[in-house]
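Side chains are part of it too, since the values below use all heavy atoms of this structure and drop only hydrogens, waters and symmetry mates. All of these numbers come straight from a predicted model, not from anything done at the bench. Residue numbers start at 1 and run along the sequence shown.
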Amino acid sequence: MHLFIAPLLYVPELEIRQQRGSLSPRALLLTVSDPQERLGSGGATLNALLVAAEHLSARAGYTVSDSKQKPQLLHSFYIQRGRDFPWDGCSRAFCWMPIAATEQSVEGPVCCLDMLLDCLSTKVCVGSPPGVWVCSTDMILILPTAQSTHTCFSGVRVMSLPGDVSFAANHGVYLTDTEGGVRDIVYRGSEKRIRSAVLPDGKVPLVSGPVFFSRSVSERLLQTHVTPPLDGCTYLGMDSGAPPLQISLFLDVLMCLCSEMTETEFVNGERTGCSSPLGPQGAAVKSARSVLWKTLRGVPLSLVYIPDGRYDYLTMSGREHVVRLTDTGTERQILSHIQVIEGSRVINTVLEGSVRVAAGAVVQHCRLQGPIQVQPGCLLSGLDLNSSTYLQHMPLTSDIILQGHRVQLGELKLTVFTVLGAYDSLEAAGSFLNQTWSQFYSRTGIKPEELWAADSGLCRSLLDARLFPVFMPKGGPVGMEGVSFLLGGSGSAESWRAAWRLSLREVLSLTDQQGELHWREELFFSAGRRRAEDTLKGHTDHNLLPSIRAAVLGGQQGELLQTLDSVASGSSSDLGIAARSLACIADVLGCLAGEGRGGLRSGPAANPSWASAFSLLEQGKLVAGVQELAKQRVLWLNRPDLLVRAARHYEGGGQILLRKAVMSTHEFMFIGQSEMPPMGEWQEVECPARLDLSGGWSDTPPIAFEHGGVVVNVAVRVDGKRPIGARVRRIPKPHLVLVSTSGPPDCSVTTETVCEVLADLEDYCQPHAPGALLKAVCVCSDVVFVSSSLSLEQQLLERWGGGLEVHTWSLLPHGSGLGTSSILAGAVLAGVYRCTGRSYDTSSLIHAVLYLEQILTTGGGWQDQVGGLVGGVKVARSHATLPLRVDVEQLSLPQDFLSQKKAMAPGCEPAAVRTMMNALQPLTLGQSLAGAGGGGFLFILTRHAQQEENVRQILSTTQVRKRCALKDKFVKVGTSVNLKLLMMNNRPEV
């Protein structure tokens with residue numbers, strides 16, 4: 001079990017990550033706030049340990065904190081907030097990075113906090129004993145592999161990554177001994193002192209963040225919370241009236257464990273970066289250090305150095321942050337609605353109109369309207385739509401950082417805009433907007449005393465310069481016009497002086513972090529809806545399900561459903577888009593029901609309540625049909641089972657549109673006129689079966705027209721015969737006689753259907769109705785018109801001089817996987833066309849079968865009829881567009897088609913089949929399953945003729961019969977090769 005101890009702002013965000021699945025649902029989340037400001041990292045750690053111990057004790061039913069319930073019994077993570085970050089109002093932890101999370105089931109951002117938690121849980125903490133990990137969010141850790149260095153140790157362990165001497169001058173380094181023990185910690189030391197820490201690789205071990213306290217050390221440190229003056233670091237001490245005390249984790253708590261440190265030096269030493277023993281609280285500081293020395297001294301402090309890791313401290317440099325964002329990851333657009341050029345980054349943003357983001361520029365958390373040009377090196381962050389007008393006319397040069405901050409001044413919530421240069425130093429007063437102050441004063445007329453207090457003297461910094469107008473006493477909040485003036489645009493010094501102004505430090509301290517997170521969330525869902533719209537309209541290969549799950553978890557399903565309704569309604573010119581939109585709505589409803597709740601997604605979709613909507617879709621009234629679906633949807637939202645059933649009906653509606661989209665293939669059916677044969681003369685058509693070699697299922701809509709399909713198959717005879725056929729003749733009596741025979745001669749089944757009136761044909765679109773295929777052929781080929789005002793008898797006499805008699809047959813067993821039904825449809829169509837005096841070509845026949853199967857409502861692709869209507873080995877293709885067109889090209893037989901098939905459709909080869917094929921390998925030149933899936937015939941090309949008995953003997957000695965039932969159906973296929981077929985009926989042993 002893991003316990004995450006985090007500041008108040010973090011816990012709701014961690015809960016969202018639990019819901020999205022990026023954080024374990026079993027992890028405990030605990031909120032902890034510093035009882036006072038400026039407690040330091042050490043004081044905050046002590047307070048967090050106390051709060052965690054009390055929380056776990058309460059969970060166990062204790063009324064007081066119990067030592068057996070200390071957080072060290074778990075793997076605990078204390079995530080420290082760190083200092084304010086000028087380039088992100090929600091702190092470094094929630095700074096979005098240009099990284100797309102891999103294998104996300106629920107879409108969400110990748111922030112510095114996410115990267116840190118992933119690094120800790122999958123690489124840093126792997127194999128560590130129970131204890132507490134303490135880590136700040138001020139940095140990004142990048143480790144190549146999981147570290148397995150946590151076994152057989154006790155005490156405290158720190159992790160260190162390599163850095164340059166120049167970088168370490170403003171940070172901390174560890175001095176270590178030959179056995180990895182820490183001798184001293186140097187913070188902002190001299191170059192000579194830092195160089196004494198150089199390792200053989202030429203780098204120094206940086207103070208890099210993660211610190212591990214073993215269980216025993218955590219308990220010892222926790223004991224100090226009742227001892228003055230360290231009690232002033234905890235909320236209990238504050239509630240008891242103890243004065244607050246600032247203690248550093250590294251320079252106080254860990255320093256007392258360093259082997260070279262003496263007690264006198266530790267207690268009395270003046271160290272940069274922590275409380276001074278000579279200051280106003282000097283006595284308390286010395287007393288606290290004495291308590292730490294007595295409590296913790298002797299605990300071993302060891303270091304793990306990771307030479308191939310990287311430590312990226314998020315500094316106050318604007319230029320460094322822009323480079324960090326543009327150099328990290330490979331994604332140019334992250335959870336955004338925008339196309340950008342190479343070298344730039346657009347993060348969680350919606351941009352409309354003509355917006356150009358130059359190389360090296362970053363736009364994040366913005367909603368803007370063009371025309372706008374973002375220059376190289378710029379960072380635009382937090383800007384709303386109202387900012388666009390000013391941006392369009394603002395003299396925005398390169399390397400400018402322009403931000404909108406959501407702040408709260410008492411009860412007043414407003415957006416404050418700031419502008420800085422990427423190269424400005426915030427902690428000094430060397431430049432502003434990448435220019436000298438003298439240049440700025442000369443251009444604007446502003447004076448130094450208007451920016452800093454008169455007594456600031458040499459302590460002036462850009463952070464404290466009151467540059468940014470916030471509120472006009474007589475005009476209300478100041479918008480972008482305030483920073484426009486600073487950049488040299490519209491505005492005046494008089495207006496600037498009249499406004500209430502804030503420094504950047506004050507803006508950061510007043511940031512409404514919940515407001516910032518809410519703004520980003522709004523953009524996230526808005527951009528998600530726009531990406532969904534773009535994905536559907538652009539036929540792009542983007543999985544929308546993670547975005548749909550995120551919208552449902554965020555309570556944004558209403559807006560998403562409206563977007564999908566709008567896309568579906570507006571896609572009458574491309575029904576494939578409309579069909580996919582309805583399928584996405586079904587996914588939304590399924591997500592609303594909850595995983596595993598409400599029943600299976602597959603099921604019937606013929607409830608009378610939805611009949612009106614389906615009828616409108618069938619009639620081609622798309623807008624009215626989508627509106628009727630939405631109207632009905634509202635009534636099915638209050639229970640998981642109803643939501644699932646509604647999802648099924650939306651999928652049913654999508655199937656209607658899908659069928660109508662595929663019926664656009666009618667454009668490629670060219671049926672001409674020819675001489676009608678005499679009454680009673682049979683027109684006979686015979687077709688081979690087909691073997692699927694590669695690409696099965698890519699011919700199936702919507703894949704066939706959304707992504708394009710490519711299939712390789714071969715036409716074959718079975719036992720020297722074409723096993724599928726039809727014969728048709730005209731008869732004097734004006735009715736339809738439809739006779740169908742299926743199965744091998746020794747076990748065939750024959751059915752006869754006679755249609756005397758039009759009503760007998762009305763079930764042509766119900767696949768299981770008697771004679772449905774042959775009825776559909778009569779409708780599809782325009783032999784009769786079901787909706788005509790003329791009777792069936794009148795139509796037949798008027799057009800054909802009598803009725804038709806149709807006989808069909810298939811010598812193949814049901815479910816052989818050899819394309820029987822589609823090939824049979826092609827044979828019947830060919831016979832009917834000939835019998836009624838019409839001409840056709842093979843391409844028209846292929847498209848006619850595709851059209852017919854949509855009328856029959858069986859759907860299906862095009863590869864079966866291609867395989868049986870075109871001889872030999874061929875490759876057939878359909879392009880990613882509507883109307884759906886199939887092109888066929890003759891080929892020579894490929895050598896390794898089975899491996900292609902398995903790559904195309906993983907799982908198409910059951911284990912029992914593989915066992916059988918391995919056993920037969922010595923006898924064969926090649927083997928493959930006939931069907932597109934994992935059943936049907938296995939066809940075998942034997943090395944020698946007459947191998948039936950040898951095949952039977954080999955199979956009888958394998959384990960295959962224990963796992964599947966075999967029907968010994970050996971048939972000779974083709975005329976010049978020794979190809980054998982074995983019919984398989986896969987089923988588990990029961």
Item to check | Closest heavy-atom pair and its distance - S461, L426 | outcome: CB-O, 3.6 Å
Checklist entry - Does CD in E15 sit with more than 12 non-hydrogen atoms of other residues, nucleotides or ligands closer than 6.0 Å? => result yes
Checklist entry - So does E219 pair up with R215, basic N to acidic O under 4.0 Å? => result no
Checklist entry - Does some side-chain heavy atom of M261 sit less than 4.5 Å from a side-chain heavy atom of C256? => result no
Next on the checklist: In terms of relative ring orientation, are W133 and F212 parallel, tilted or perpendicular, with 30° and 60° separating the classes?
Outcome noted: tilted
Show me the donor-acceptor pairs within less than 3.5 Å that the side chains of residues 109-118 make with the rest of the protein, sequence neighbours left out.
| residue | atom | partner | partner atom | Å |
| --- | --- | --- | --- | --- |
| D114 | OD1 | R17 | NE | 2.4 |
| D114 | OD2 | R17 | NE | 3.4 |
| D114 | OD2 | R17 | NH2 | 3.1 |
| D114 | OD2 | C111 | N | 2.7 |

Next on the checklist: Go through it in stages, so that I can follow the logic: the residues are R406 and D512, the test is salt bridge (Lys or Arg N to Asp or Glu O under 4.0 Å), and I'd like the CA-CA distance, side-chain angles, deciding distance and then a yes or no.
Outcome noted: CA-CA 6 Å; R406 277 106 204 124; D512 176 11; over 6 Å; no
Checklist entry - So, do L510 and L502 sit near enough that their side-chain heavy atoms are less than 4.5 Å apart? => result yes
Checklist entry - Is the CD atom of Q408 crowded by more than 12 outside heavy atoms at less than 6.0 Å? => result yes
Checklist entry - So, the side chain of S24 versus the backbone of R26: is there a donor-acceptor pair under 3.5 Å, distance only? => result yes
Checklist entry - With a 4.5 Å heavy-atom cut-off, do V198 and V165 have their side chains touching? => result yes
Next on the checklist: Using only atom types and a distance under 3.5 Å, with no angle test, would you say the side chain of S214 pairs donor to acceptor with the backbone of V156?
Outcome noted: no
Checklist entry - Counting only heavy atoms not in R310, do more than 12 fall under 6.0 Å of its CZ? => result no
Checklist entry - Are H321 and F85 near enough that their ring centres are under 6.0 Å apart? => result yes
Checklist entry - So L292 and L221, side chain to side chain contact (heavy atoms under 4.5 Å, CB included) or not? Walk me through it. => result CA-CA 8 Å; L292 291 173; L221 179 59; 4.2 Å; yes
Next on the checklist: Between T262 and E265 (side chain of the first, backbone of the second, donor and acceptor by atom type, cut-off under 3.5 Å), is there such a pair?
Outcome noted: yes
Item to check | K203: salt bridge (charged side-chain N to carboxylate O under 4.0 Å, His left out) partners, not counting sequence neighbours | outcome: D164
Item to check | Under 3.5 Å donor-acceptor, R220 side chain and T295 backbone | outcome: yes
Item to check | L245 versus A288, closest heavy-atom pair with distance | outcome: CD2-CB, 3.4 Å
Next on the checklist: For the OG1 atom of T45 and the CZ atom of F213, what is their distance to the nearest 0.5 Å?
Outcome noted: 6.5 Å
Next on the checklist: If the condition is ring-ring contact (aromatic ring centres under 6.0 Å, His included), which residues does Y311 pass it with, not counting sequence neighbours?
Outcome noted: none
Item to check | Sub-4.5 Å side-chain heavy-atom contact between P277 and E270 | outcome: yes
Item to check | Between OG on residue S290 and CD on residue E263, distance to nearest 0.5 Å | outcome: 6.0 Å
Checklist entry - Can you name the closest pair of heavy atoms from K123 and P144 and give their distance? => result NZ-O, 4.1 Å
Checklist entry - Can you check whether L236 reaches D231 side chain to side chain, under 4.5 Å on heavy atoms? => result no
Next on the checklist: Within the structure provided, determine whether E506 and F468 are in side-chain contact (heavy-atom separation under 4.5 Å).
Outcome noted: no
Checklist entry - Which is it for L462 and L420 under the side chain to side chain contact (heavy atoms under 4.5 Å, CB included) test, yes or no, and what are the steps along the way? => result CA-CA 9 Å; L462 181 53; L420 297 158; 3.7 Å; yes
Checklist entry - Considering all heavy atoms of both residues, which atom of L120 and which atom of C135 are nearest to each other, and what is their separation? => result CD1-CB, 4.3 Å
Checklist entry - Does I16 reach the side chain of L23, with side-chain heavy atoms less than 4.5 Å apart? => result no
Item to check | Residues which pass ring-ring contact (aromatic ring centres under 6.0 Å, His included) with Y235, listed by chain and number, not counting sequence neighbours | outcome: none
Checklist entry - Is any side-chain heavy atom of I142 closer than 4.5 Å to a side-chain heavy atom of L161? => result no
Next on the checklist: Quick one about T137 and Y10 (side-chain donor to acceptor, distance below 3.5 Å, no hydrogens or angles considered), yes or no?
Outcome noted: yes
Next on the checklist: To the closest 0.5 Å, what do you measure between CZ (F266) and CG (L257)?
Outcome noted: 8.0 Å
Item to check | Rounded distance [0.5 Å steps], CD in E54 versus CG in L49 | outcome: 11.5 Å
Checklist entry - So, Q403 and S381: side-chain donor and acceptor under 3.5 Å apart, yes or no? => result no
Checklist entry - For R297, which residues count as a salt bridge (charged side-chain N to carboxylate O under 4.0 Å, His left out) partner, sequence neighbours excluded? => result none
Item to check | Main-chain N/O of V322 paired with W87 side-chain donor or acceptor, under 3.5 Å | outcome: no
Checklist entry - Roughly how far, to the nearest 0.5 Å, is the CG atom of L14 from the CG atom of L30? => result 11.0 Å
Item to check | Shortest non-hydrogen contact from D84 toward R92 | outcome: O-NH1, 3.3 Å
Next on the checklist: Go through it in stages, so that I can follow the logic: the residues are L301 and C258, the test is side chain to side chain contact (heavy atoms under 4.5 Å, CB included), and I'd like the CA-CA distance, side-chain angles, deciding distance and then a yes or no.
Outcome noted: CA-CA 7 Å; L301 174 61; C258 295; 4.1 Å; yes
Checklist entry - What are the two closest heavy atoms between S208 and L141, and how far apart are they? => result O-CD2, 3.6 Å
Checklist entry - Can you list every pair that meets salt bridge (Lys or Arg N to Asp or Glu O under 4.0 Å) and has a residue in residues 245-260, with sequence neighbours left out? => result R183-E260, D252-R271, D252-R289
Item to check | Audit row: N47, C233, side chain to side chain contact (heavy atoms under 4.5 Å, CB included) steps and yes/no | outcome: CA-CA 6 Å; N47 183 66; C233 296; 5.7 Å; no
Next on the checklist: For the OG atom of S503 and the CG atom of L467, what is their distance to the nearest 0.5 Å?
Outcome noted: 8.5 Å
